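These numbers come from a predicted model, not from an experiment.
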Amino acid sequence: IILRRINALFCGTSYGSKGAGKGGVVFMEIKRLTLQTDKLEIMKEFYTQCLGFSLYGESQESFQIRVGTSVLEFTDKDVTGEPYYHYALNIPANQFQEAKEWLKEKTTLLLEDGEDEADFSFWPAHSCYFEDPAGNIVELIARYKENPINESPFSVNNILNISEIGLVVKDATRVGEQLKAIGIFESGGDPITNSSLNFMQDNRNGVFMLLTSTDRRWLFSDKKSKIYPLKITLDKHLVLGVDENCEFFIEKKLRTIEP
């Protein structure tokens, strides 16, 4: 039942490998992800004390945690409303059930049709989901082809990197063309539409931007995709995201950007 439901939700979703890795000029790895929150202190306590992530840095208006080779930053600077996002974290290919049990000891797993995990046979991969205090829909995903294995007992230190971020924009078709111009393509090679969840990447390393428009329901949640400011650092010279006016942007930086 859950697999049929997932397939229905992904109708119009593009996935696979066709079209990926077309000589892209950008190395598609999310080095840093900056998200807004109106619950900064509660979020810091949840991620560092409950889940056990190491604090990478902080200021009066933000904090950062190390997520494998990525950095996840939350900020309340210029925040309006109660922003929420969907993002996923890669875990070792052989540790899904172990990671799921680890997560269940710390928070409540989200359900879809009464099930607490998703079997994405087309990747292939398994995922489980939870909601943090700010309402973000967070996913742990074990990709069996791309992710390495780890024989040590699972802990927060086994999380590999930021695997996915939902990139919600006004016009996914237009933004898709802008991404193609910098070497980031839809992973299945299919046309990008506003109604689809478009998996954007430039190689087959299990890292994606989930490009979509508004009002698409996130899997394992009743929440629908909304536009909120965010910033994605892909490599040492490129930052993209959505600004405070809900407009998509791409910035090329001349100076080095550390993760």
Side-chain angles (χ1 to χ4, degrees), residues 1-15 30 33 35 37 39 42-43 46-47 50-51 53 67 70 72 74 82-93 95-144 146-147 154 156 158-168 172 187 195-200 206-228 230:
I1 296 174
I2 183 72
L3 183 56
R4 291 198 298 270
R5 179 61 174 162
I6 289 170
N7 287 337
L9 284 169
F10 274 73
C11 182
T13 298
S14 303
Y15 48 81
I30 299 173
L33 176 63
L35 307 175
T37 180
K39 300 175 176 63
I42 297 173
M43 289 283 281
F46 176 78
Y47 277 94
C50 178
L51 297 185
F53 286 98
V67 182
S70 306
L72 178 59
F74 293 99
E82 299 178 329
Y84 62 87
Y85 308 83
H86 165 62
Y87 52 92
L89 311 177
N90 271 323
I91 59 175
Q95 292 192 315
F96 174 71
Q97 290 300 333
E98 193 177 347
K100 179 182 168 184
E101 292 304 313
W102 170 85
L103 187 60
K104 285 171 66 175
E105 293 177 357
K106 298 178 179 298
T107 190
T108 301
L109 298 186
L110 298 178
L111 302 179
E112 180 81 24
D113 287 342
E115 302 286 344
D116 62 4
E117 65 181 60
D119 178 3
F120 298 109
S121 58
F122 47 79
W123 286 125
H126 271 87
S127 290
C128 59
Y129 297 72
F130 67 95
E131 188 173 287
D132 68 20
N136 297 307
I137 303 107
V138 188
E139 174 184 359
L140 297 186
I141 182 165
R143 302 180 188 276
Y144 299 125
E146 296 88 356
N147 294 3
F154 186 84
V156 71
N158 292 38
I159 295 176
L160 301 169
N161 57 12
I162 297 173
S163 171
E164 300 171 359
I165 174 62
L167 179 57
V168 187
S187 65
S195 60
S196 299
L197 189 62
N198 307 280
F199 282 66
M200 308 297 294
V207 177
F208 301 88
M209 285 181 289
L210 308 185
L211 177 64
T212 192
S213 190
T214 57
D215 295 324
R216 183 184 178 95
R217 186 176 76 83
W218 293 118
L219 195 63
F220 281 75
S221 176
D222 292 330
K223 293 182 175 178
K224 294 185 177 181
S225 55
K226 302 295 180 185
I227 301 175
Y228 295 108
L230 79 163

Does any part of the side chain of L35, heavy atoms only, come nearer than 4.5 Å to the side chain of L72, both counted from C-beta?
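SC-SC contact between L72 and L35 confirmed.
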Given 3.5 Å as the limit, does a donor-acceptor pair link the side chain of D113 with the main chain of E115, or not?
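No, the answer is negative, given that no donor and acceptor are paired below the 3.5 Å cut-off.
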Atom pair CG/OG of L211 and S225 - distance to nearest 0.5 Å:
10.5 Å
Taking all non-hydrogen atoms of both residues into account, name the closest pair between L230 and Y85 and its distance.
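For L230 and Y85, the tightest heavy-atom pair comes out as CB-CE2, 3.9 Å.
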Donor-acceptor contact below 3.5 Å, side chain N161 vs main chain S70:
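No.
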Between H126 (side chain) and A142 (backbone), is there a donor-acceptor pair under 3.5 Å?
no
Find out whether S163 and R143 are in side-chain contact, i.e. whether some heavy atom of one side chain is under 4.5 Å from a heavy atom of the other.
yes
Closest heavy-atom pair and its distance - T212, A172:
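Closest heavy-atom pair between T212 and A172: C-CB, 4.1 Å.
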Could you tell me whether K106 atom NZ has more than 12 heavy atoms of other residues or ligands within 6.0 Å of it?
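Enclosed.
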Please tell me if the side chains of F96 and C128 come closer than 4.5 Å, counting only heavy atoms from C-beta onward.
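F96 vs C128: side chains touch.
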Are V67 and F53 side-chain neighbours, meaning at least one heavy-atom pair lies under 4.5 Å?
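With C-beta onward as the side chain, the pair touches.
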What is the ring orientation for W102 with F154, classed by angle as parallel under 30°, tilted 30 to 60°, or perpendicular over 60°?
perpendicular
Kindly say whether the aromatic ring centers of W123 and F199 come within a distance under 6.0 Å.
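Under 6.0 Å, so yes.
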Could you tell me whether the side chain of E139 and the main chain of A88 form a donor-acceptor pair under 3.5 Å?
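Looks like no, no N/O pair under 3.5 Å.
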Starting from the C-alpha separation in whole Å, work towards a yes-or-no answer on side chain to side chain contact (heavy atoms under 4.5 Å, CB included) for E101 and K104.
CA-CA 5 Å; E101 292 304 313; K104 285 171 66 175; 3.7 Å; yes
So T108 and F130, do their side chains get closer than 4.5 Å, heavy atoms only?
no
Do D116 and K100 sit within salt-bridge range, that is, some charged N less than 4.0 Å from a carboxylate O?
yes
Could you grab the distance from atom CG of L109 to atom OH of Y129, nearest 0.5 Å is fine?
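It comes to 12.0 Å.
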Roughly how far, to the nearest 0.5 Å, is the CD1 atom of I159 from the CG atom of L89?
5.5 Å
Could you walk me through whether N198 and L167 pass side chain to side chain contact (heavy atoms under 4.5 Å, CB included), step by step?
CA-CA 10 Å; N198 307 280; L167 179 57; over 6 Å; no
Looking at every non-hydrogen atom in both residues, tell me the closest pair between A93 and Y144 and how far apart they are.
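Closest heavy-atom pair between A93 and Y144: O-CE2, 3.1 Å.
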Restricting to non-hydrogen atoms, name the atom on I141 and the atom on E164 that form the minimum distance, rounded to 0.1 Å.
CD1-OE2, 4.3 Å
For the side chain of N90 and the backbone of L160, is there at least one donor-acceptor N/O pair under 3.5 Å apart?
no
Which pair of non-hydrogen atoms, one from N136 and one from Y84, has the smallest distance, and what is that distance?
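So the minimum-distance heavy-atom pair works out to OD1-CA, 3.3 Å.
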For E82, does the CD atom have more than 12 heavy-atom neighbours from other residues, nucleotides or ligands under 6.0 Å away?
no
L197 vs W218, test: side chain to side chain contact (heavy atoms under 4.5 Å, CB included). Steps then yes/no.
CA-CA 10 Å; L197 189 62; W218 293 118; 4.0 Å; yes
Measure the shortest side-chain to side-chain distance between M200 and L210 over non-hydrogen atoms and say whether it is less than 4.5 angstrom.
no
Within the distance-only criterion (no hydrogens, no angle test), does the side chain of K223 pair as donor or acceptor with the backbone N or O of I137 below 3.5 angstrom?
no
S213 side chain to S195 main-chain N or O, any donor-acceptor pair under 3.5 Å?
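Answer holds: no.
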Would you say the side-chain atoms of T37 pair up with the backbone N or O of F74, donor to acceptor, closer than 3.5 Å?
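Not at all, since once roles are kept as given, no pair shorter than 3.5 Å links the two residues.
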I want to check something: taking the side chain as every heavy atom from C-beta on, are I91 and N158 in contact at a cut-off of under 4.5 Å?
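When only atoms from C-beta onward are counted, N158 and I91 do not touch, as no gap falls below 4.5 Å.
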So which atom in Y47 and which in D132 form the shortest heavy-atom distance, rounded to 0.1 Å?
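Result for this residue pair: OH-OD2, 2.6 Å.
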Heavy-atom side-chain proximity of V138 to Y87 below 4.5 angstrom
yes
